[in-house]
2 protein chains.
Amino acid sequence: MPPRRGPIVAAVRKALPRAKPRVRLDNDARRAQLLQLARRTFAGRAYDEVSIDDLAREAKISKGLLYHYFPTKRDLYVAGLREIADELVERVATIPAALTPQERVRAGLEAYLEHITLHQRAFVSLMRGGIGSDPEVAGVVEGVRTRLADRFLDGSPFAPVLRGEPRFETALRGWIGFVEGASIDWCAHPRMTRDALREMLAQVLFAVLSVVGGIAAAASAEKGT
Amino acid sequence: MPPRRGPIVAAVRKALPRAKPRVRLDNDARRAQLLQLARRTFAGRAYDEVSIDDLAREAKISKGLLYHYFPTKRDLYVAGLREIADELVERVATIPAALTPQERVRAGLEAYLEHITLHQRAFVSLMRGGIGSDPEVAGVVEGVRTRLADRFLDGSPFAPVLRGEPRFETALRGWIGFVEGASIDWCAHPRMTRDALREMLAQVLFAVLSVVGGIAAAASAEKGT
DNA sequence: TCGACTATTGACTTGTGGTCAATAGGGTCC
DNA sequence: GGACCCTATTGACCACAAGTCAATAGTCGA
């Protein structure tokens with residue numbers, strides 16, 4: 001005869017007295033609280049330095065309830081990450097439309113830099129801290145990169161010319177890497193003013209575009225000859 | 001009276017018959033085998049998709065033996081990562097000394113690109129896949145960045161002028177980010193020849209240096225006036 | 001042949017992510 | 001105001017993987 005675990009155990013359980021639940025919260029409120037908590041916690045400690053029990057204890061709820069709201073520890077983590085990512089992208093997306101393309105780039109960079117100074121820990125742990133091996137996490141970070149690239153180039157006079165040009169795509173990824181590398185370094189060692197950094201990033205973008213344009217022109221000229 | 005676990009259990013253990021150990025290997029050979037295995041495995045699957053039991057099974061040894069050679073799963077992982085990192089840096093470091101600075105940059109980039117094409121999976125999982133939150137892992141990756149930067153600039157005519165200049169340090173980090181971003185993108189979507197990519201990376205470096213130089217010059221001129 | 005040294009084993013402990021039946025609080029309907 | 005239902009909440013439990021450790025089997029030199 002097989003063990004038949006469940007029911008027997010259940011019968012035993014019934015006999016035990018129960019402690020009263022603590023606080024009863026509305027679904028959305030609880031979910032928001034947990035997300036907030038996760039964001040705070042994961043910004044400070046690494047993913048697997050934080051246990052679900054820790055989070056539950058901090059939130060003054062049982063572990064089971066946490067799993068009622070988020071099916072997985074990773075889901076909770078990703079949800080928090082996604083919020084951070086979206087806030088950043090959205091911040092960069094909201095720049096006045098009535099600017100010259102160059103000014104739009106500068107404004108976007110300004111918004112970007114302002115946002116990351118305000119949320120340094122979250123930003124760095126988003127771009128560098130994540131579990132890169134997890135496809136979903138990688139997707140979020142990757143999404144930030146491509147969406148930011150799109151924003152920065154929105155309405156640029158270069159964009160229509162260069163979009164689709166293979167070299168351009170790679171160069172753009174490169175520039176995004178530049179921005180990431182420089183700004184993360186700048187967070188750790190703020191060796192210049194924010195304005196100076198912004199200016200540098202903008203000028204590098206223009207320089208990169210001109211390099212790519214030049215190479216493309218040279219290549220087509222050579223082909224033409 | 002306290003439980004007194006150990007000895008009692010030990011006495012019981014003695015009675016059990018033992019299977020014979022499989023193969024007996026010299027210390028260094030075993031260690032090398034395990035490192036090799038770890039590198040292969042972690043290049044293909046994520047850190048926590050690979051269990052110690054998996055590795056032990058694959059190596060046809062017991063888990064305990066694995067822990068005899070590497071005190072921790074993470075240590076094993078980091079050891080493999082470190083090898084990959086060192087190989088890459090070393091590859092870039094061995095370029096002929098009798099070249100012009102510009103040609104040295106190109107040669108370094110060539111070596112870099114050749115190496116990462118040959119070891120794509122390892123390279124990408126080194127730079128993007130690691131457990132970024134682990135300080136030791138982060139250290140390895142960070143080390144690659146700074147060491148590569150040093151190599152690329154070795155003997156450059158710009159270096160003596162710009163070293164220590166705050167903007168320059170940040171710009172260099174940025175360029176390293178550019179190289180990383182562009183080359184990882186290129187691994188996934190090889191939209192151009194290796195030569196073309198190398199040329200682009202080199203020209204971007206020169207452009208970046210000129211931008212930084214220009215800004216620095218402008219700043220000092222302004223100050224001087 | 002014996003003893004020492006060490007590579008090797010595998011049962012065990014511990015910690016943590018994840019499951020699930022049971023329950024308590026609170027509203028609604030008669 | 002009691003019966004009933006809905007759902008937020010609990011806590012005991014499981015599974016599995018990292019890490020520990022006393023015991024053991026090869027091997028080599030005296």
Side-chain angles (χ1 to χ4, degrees), chain A residues 3-34 38 41-42 45-57 59-78 131 134, chain B residues 3-34 38 41 45-78 131 134:
Chain A
R4 267 216 59 186
R5 286 248 176 69
I8 295 180
V9 174
V12 173
R13 273 188 205 157
K14 196 167 187 175
L16 299 172
R18 300 246 151 193
K20 291 207 263 179
R22 326 269 169 101
V23 188
R24 206 181 160 92
L25 268 193
D26 151 275
N27 193 301
D28 288 353
R30 184 64 86 189
R31 196 185 159 84
Q33 175 214 359
L34 294 178
T41 313
F42 285 126
R45 279 184 294 158
Y47 179 76
D48 38 38
E49 280 170 353
V50 176
S51 76
I52 287 287
D53 296 82
D54 286 346
L55 290 169
R57 200 176 315 119
K60 297 199 173 67
I61 61 171
S62 74
K63 180 164 53 166
L65 186 57
L66 219 166
Y67 277 97
H68 176 70
Y69 287 94
F70 297 92
T72 270
K73 182 186 178 187
R74 197 153 280 190
D75 279 282
L76 175 56
Y77 177 76
V78 170
I131 321 114
D134 182 288
Chain B
R4 266 215 58 188
R5 285 247 178 69
I8 295 181
V9 175
V12 173
R13 272 188 204 157
K14 197 168 189 175
L16 298 172
R18 299 249 150 190
K20 291 206 264 180
R22 327 268 167 102
V23 188
R24 203 181 162 92
L25 269 192
D26 151 275
N27 192 301
D28 288 352
R30 185 63 87 188
R31 196 186 159 83
Q33 175 213 0
L34 294 178
T41 313
R45 279 183 295 159
Y47 179 76
D48 38 39
E49 280 170 354
V50 177
S51 77
I52 286 287
D53 296 81
D54 286 345
L55 290 170
R57 200 177 314 119
E58 183 109 359
K60 295 197 174 68
I61 62 172
S62 74
K63 179 162 54 167
L65 187 57
L66 219 164
Y67 278 98
H68 176 72
Y69 287 94
F70 297 92
T72 270
K73 182 186 178 186
R74 196 154 281 189
D75 279 281
L76 175 55
Y77 177 76
V78 169
I131 323 115
D134 182 289

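To find a chain, count down the sequence lines: A is the first, B the second, and so on, and within it residues start at 1.
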* To do: Would you verify whether the NZ or CZ of A:Lys73 falls within 45 degrees of the ring axis of A:Tyr47 while also being under 6.0 Å from that six-membered ring's centre?
  => yes
Return the value, rounded to whole Å, for the distance between atom [atom1] of [X] and atom [atom2] of [N].
| X | N | atom1 | atom2 | value |
| --- | --- | --- | --- | --- |
| B:Gln33 | C:dA7 | CD | C1' | 13 Å |
| A:Leu25 | D:dT10 | CG | C1' | 15 Å |
| A:Leu66 | C:dT19 | CG | P | 13 Å |
| A:Leu55 | C:dT16 | CG | P | 12 Å |
| B:Arg57 | D:dC16 | CZ | C1' | 12 Å |
| B:Lys63 | D:dA17 | NZ | C1' | 6 Å |
| B:Asp26 | C:dT8 | CG | C1' | 14 Å |
| B:Tyr47 | D:dA18 | OH | P | 8 Å |

* **Charged N-O contact under 4.0 Å between B:Arg74 and A:Asp48** =>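 Salt bridge: yes.
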* Check ion pair A:Asp54-A:Arg57 (N to O, under 4.0 angstrom) ->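 Yes, this pair counts.
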Taking the side chain of [X] as heavy atoms from C-beta outward, which of [options] is closest to it?
| X | options | value |
| --- | --- | --- |
| B:His68 | C:dA7, D:dA17, C:dG18 | C:dA7 |
| B:Ser51 | D:dA18, C:dG17, D:dA8 | D:dA18 |
| B:Ser62 | D:dA18, C:dT9, D:dT9 | C:dT9 |
| A:Asp53 | D:dA8, D:dG19, C:dG17 | C:dG17 |

* To do: Kindly say whether, by distance alone, the side chain of B:Arg24 makes a donor-acceptor pair under 3.5 Å with the base of D:dT27?
  => no
Looking at [N], I'd like to know if its phosphate oxygens (OP1 or OP2) sit under 4.0 Å from a side-chain N or O belonging to [X].
| X | N | value |
| --- | --- | --- |
| B:Asn27 | C:dT6 | no |
| A:Arg30 | D:dT9 | yes |
| B:Tyr69 | C:dT8 | yes |

* Can you check side-chain contact (heavy atoms from CB on, under 4.5 Å) on B:Tyr67 and B:Ile52, steps first, answer last? -> CA-CA 9 Å; B:Tyr67 278 98; B:Ile52 286 287; 3.5 Å; yes
* Asked: Is A:Ile52 touching bases, backbone alone, or none of the nucleic acid, heavy atoms closer than 4.0 Å?
  -> sugar-phosphate
* If only atom types and distance count, is the side chain of B:Thr72 paired as donor or acceptor with the main-chain N or O of B:Asp75 below 3.5 Å? ->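 Checking the backbone N and O of B:Asp75 against the side chain of B:Thr72, no donor-acceptor pair under 3.5 Å is found.
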